[in-house]
Every structure is written in C-alpha cells, then in structure tokens.
Number of protein chains: 2
Amino acid sequence: EKRIVSGVAYSRDEARITLLGLPDHPGVSKAIFSRLADAGVNVDMIVQSRSRNAEIANMDFTVGRRDAARAVELMNALKDELGFEEVRLDEAVAKVSVIGIGMRSHVGVAQSMFTALADKGVNIQAISTSEIKISVLIDAAYTELAVRALHGAYGLDQV
Amino acid sequence: EKRIVSGVAYSRDEARITLLGLPDHPGVSKAIFSRLADAGVNVDMIVQSRSRNAEIANMDFTVGRRDAARAVELMNALKDELGFEEVRLDEAVAKVSVIGIGMRSHVGVAQSMFTALADKGVNIQAISTSEIKISVLIDAAYTELAVRALHGAYGLDQV
Ligand SMILES: C[C@@H](O)[C@H](N)C(=O)O
Ligand SMILES: C[C@@H](O)[C@H](N)C(=O)O
C-alpha cells in the first residue's frame with residue numbers, strides 16, 4: 001500500500017460552504033452551480049451525501065477565500081427560491097490530499113490516511129475521492145500536523 | 001468549457017452504503033475503513049458532508065455489488081461500537097463521471113454536467129470531485145439517458 005502513495009498535497013486557500021436541507025430533486029444542483037459559475041466563483045471540492053430524510057440532501061463545497069463572502073451571498077439569495085434551510089460558512093478549513101497512482105480501490109489508502117489523522121487527533125470534516133486522490137477537509141490549525149503525519153505514514157519524509 | 005471535457009465514464013457495478021449519524025470526532029473514519037480494508041472490501045467513492053448538527057456527520061461510500069452484503073454486515077457490527085444511527089443500502093445506483101483535463105475550477109463543468117442531468121430529470125444522489133473528474137451517483141435505471149445527455153452536452157456524440 002505505501003508504494004501506491006506518491007505525495008501529500010494541501011491547500012489553506014479554502015473556505016467551506018455548507019448547504020443544509022436541499023430538496024433532493026432534479027434541478028437543485030443545476031441552480032446552485034449555474035449561479036456560482038455565472039458569478040465567476042471558482043469551486044474546488046463538491047461533496048453531497050444523503051441525510052436521514054430521503055427527500056433532503058446536504059452539500060458542502062469549497063471556494064477560494066476571496067470568493068467566500070460572494071458565495072455565501074449568492075447561496076443566501078437562492079435559499080428561498082430553491083427551498084433549502086441554511087447556508088453555513090467555515091473559513092478555518094484546509095484541504096489535505098493523499099495522491100496515489102492507480103488506486104483501484106481506495107480502501108487501503110483510506111485506512112492508512114484516516115488512521116494517521118485519527119492518531120494525531122485530527123478530525124475529518126469532509127471527504128472526497130477520485131482515482132488518484134483522497135481529499136479531506138480539516139481544521140486549518142492542524143494542517144502542518146496532518147501533513148507531517150501523512151508524510152510519516154507513507155515514508156515520504158525520508159531523505 | 002466544452003473543450004475541457006474529454007470523456008464520460010460510468011459504472012453500474014456500484015452499491016451505495018449510507019452511514020447516518022456518525023459522531024464527528026477523530027477515529028470514526030479510521031474504524032470504518034480499517035474494518036472494510038481488513039475484510040478485503042473494495043471501496044470506490046467516499047463522500048462525507050456535514051449535517052445540521054455540528055457533532056454529527058453523514059457518509060456515503062460505494063462498493064462493488066458483490067461486496068454490498070458484506071459491507072452492510074460489517075457496518076451494522078460497527079454501529080453500536082462507534083455509536084452511529086443507521087446503515088442503509090441502495091443497490092440501484094450507477095456512478096456517472098465527467099472527465100476533464102486541468103479543471104482548475106470545477107464550477108463550469110459542474111454547471112454544464114448538472115444542467116444536462118437536470119434537464120433530463122435525472123436526480124443527483126451524491127457528488128464527488130477531483131482535479132480531473134466530477135462523479136455523481138444516480139438511479140441506475142437512468143444510466144443510458146444520463147450518459148447520452150452528457151455526451152450531447154459536451155459534443156462527444158459527434159462522429
Ligand atoms: C440535491 C441535488 O443534488 C438534487 N438531487 C439535484 O439533482 O439537483
Ligand atoms: C465522521 C468522521 O469522518 C470523523 N470526523 C473522523 O474524523 O473520523
């Protein structure tokens with residue numbers, strides 16, 4: 001497993017927007033991202049998962065810090081139109097990613113990555129995956145600790 | 001924007017596991033993915049976002065269909081130990097992805113992808129992003145419709 005991971009990346013230029021209580025029917029995500037795209041707001045992570053209510057979804061997305069206020073404003077303007085409950089902003093987040101080549105299954109890297117973070121007491125606030133990457137959002141104050149823990153877990157700190 | 005998207009991929013060999021009411025503190029994700037890794041269950045998408053309760057998170061992950069029953073069994077066994085509320089299984093899902101090179105911001109591709117799906121009435125059940133890909137989970141019955149709509153949106157259906 002350790003040979004699969006080629007690097008650790010992080011970004012502190014992230015602000016996280018949470019949309020709570022999205023009606024889970026077609027057209028809602030279209031409206032959200034059209035509004036952001038038309039306003040020139042750049043979006044990095046998008047994470048949507050279920051809620052306990054089958055008709056409701058919650059979504060997190062991240063923008064660069066300079067776009068945070070604009071994104072919140074745009075989402076608040078959309079709230080009544082789309083009928084969702086709440087917009088929240090968290091500017092104290094950082095994105096940390098483990099990069100691997102050919103992660104056909106993410107489970108091994110997830111285990112090692114989440115273990116390294118858990119063992120340092122770093123809370124995982126959001127998770128997103130792709131073939132070459134697992135990204136998490138954490139409290140920005142833990143960035144250096146998290147990156148060092150991951151370098152250690154994957155032997156990337158050896159010279 | 002259209003030139004950025006190079007392809008559309010899909011997989012029907014997906015079953016989605018939803019974990020509701022996860023205590024949002026370090027060690028929970030470590031426990032979940034260690035249990036799955038040790039059992040040899042392959043995991044593809046992992047999506048975690050916030051819930052309205054700041055101390056609770058919800059998570060969706062996908063496994064291959066043949067691992068679905070095992071994954072549910074493992075998660076149910078973990079429920080009391082970790083203190084989360086519920087495990088749900090949805091085997092009628094498909095993963096559809098739009099692949100782009102150098103998507104520095106996802107917002108343009110998100111807009112076009114989610115518009116194409118919304119305009120065909122395809123509901124987006126989960127979203128995950130990376131630098132080269134936006135993946136969604138949809139009802140498997142809509143797979144062909146969704147893939148054709150996306151090919152059309154990005155001009156990938158022209159011979
Ligand atoms: C919540 C949102 O993703 C909705 N399900 C949609 O398809 O737009
Ligand atoms: C919910 C889960 O991701 C938890 N926050 C953890 O760090 O393990």
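The structure presented is a predicted model; accordingly, all values stated were derived computationally and were not measured. In what follows, every chain begins at residue 1, and chains take the letters A, B, ... in the order their sequences are listed.
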At a heavy-atom distance under 4.5 Å, which candidate from N42(B), V41(B), V47(B), V122(B) has the highest pair count against chain A? V47(B)

Output the option from S130(B), A31(B), S128(B) having the highest count of non-hydrogen pairs under 4.5 Å with chain A. S128(B)

Please give me the minimum heavy-atom distance between V107(A) and L36(B), naming the atom from each residue. CG2-CB, 3.7 Å

Minimum heavy-atom distance between S49(B) and S49(A), given as atom pair plus value: OG-OG, 2.8 Å

Taking atom CZ of R50(A) and atom CG of L20(B), what is their separation to the nearest 0.5 Å? 9.5 Å

Distance in Å, Q125(B) CD paired with D24(A) CG, rounded so as to fall on 0.5 Å steps: 7.0 Å

Under 4.5 Å, counting heavy-atom pairs only, tell me which of K120(A), K30(A), M113(A), M59(A) racks up the most with chain B. K30(A)

If we define contacts as heavy-atom pairs under 4.5 Å, which of S51(A), S29(A), A110(A) has the most with chain B? S29(A)

Please say yes or no: joined through hydrophobic side-chain contacts below 4.5 Å, possibly via intermediate residues, are [X] and [Y] part of one cluster?
X: L145(B); Y: V98(B); value: yes
X: V5(B); Y: Y10(B); value: yes
X: L117(B); Y: V8(B); value: yes
X: M45(A); Y: L22(A); value: no
X: I127(A); Y: Y154(A); value: yes

Any sub-3.5 Å donor-acceptor pair from T129(A)'s side-chain atoms to I46(B)'s backbone N or O? yes

Would a 4.5 Å heavy-atom cut-off, applied to side chains only, mark I132(A) and E131(B) as touching? no

Residue pair T115(B) / S34(A), side-chain heavy-atom distance below 4.5 Å: yes

According to ring-ring contact (aromatic ring centres under 6.0 Å, His included), does anything in residues 22-73 of chain B pair up with another residue at least two apart or in another chain? List the pairs. F114(A)-F33(B), F33(B)-F61(B)

Taking side chain as everything from C-beta outward and backbone as N, CA, C, O, which of these in R35(B) sits under 4.5 Å from a heavy atom of chain A? Side chain, backbone, both or neither. neither

Could you name the residues of residues 62-94 of chain B that have a heavy atom within less than 4.5 Å of a heavy atom in chain A? E85(B), R88(B), D90(B)

The side chain to side chain contact (heavy atoms under 4.5 Å, CB included) partner of Q48(B) among I124(A), L137(A), V136(A), D60(A) is I124(A)

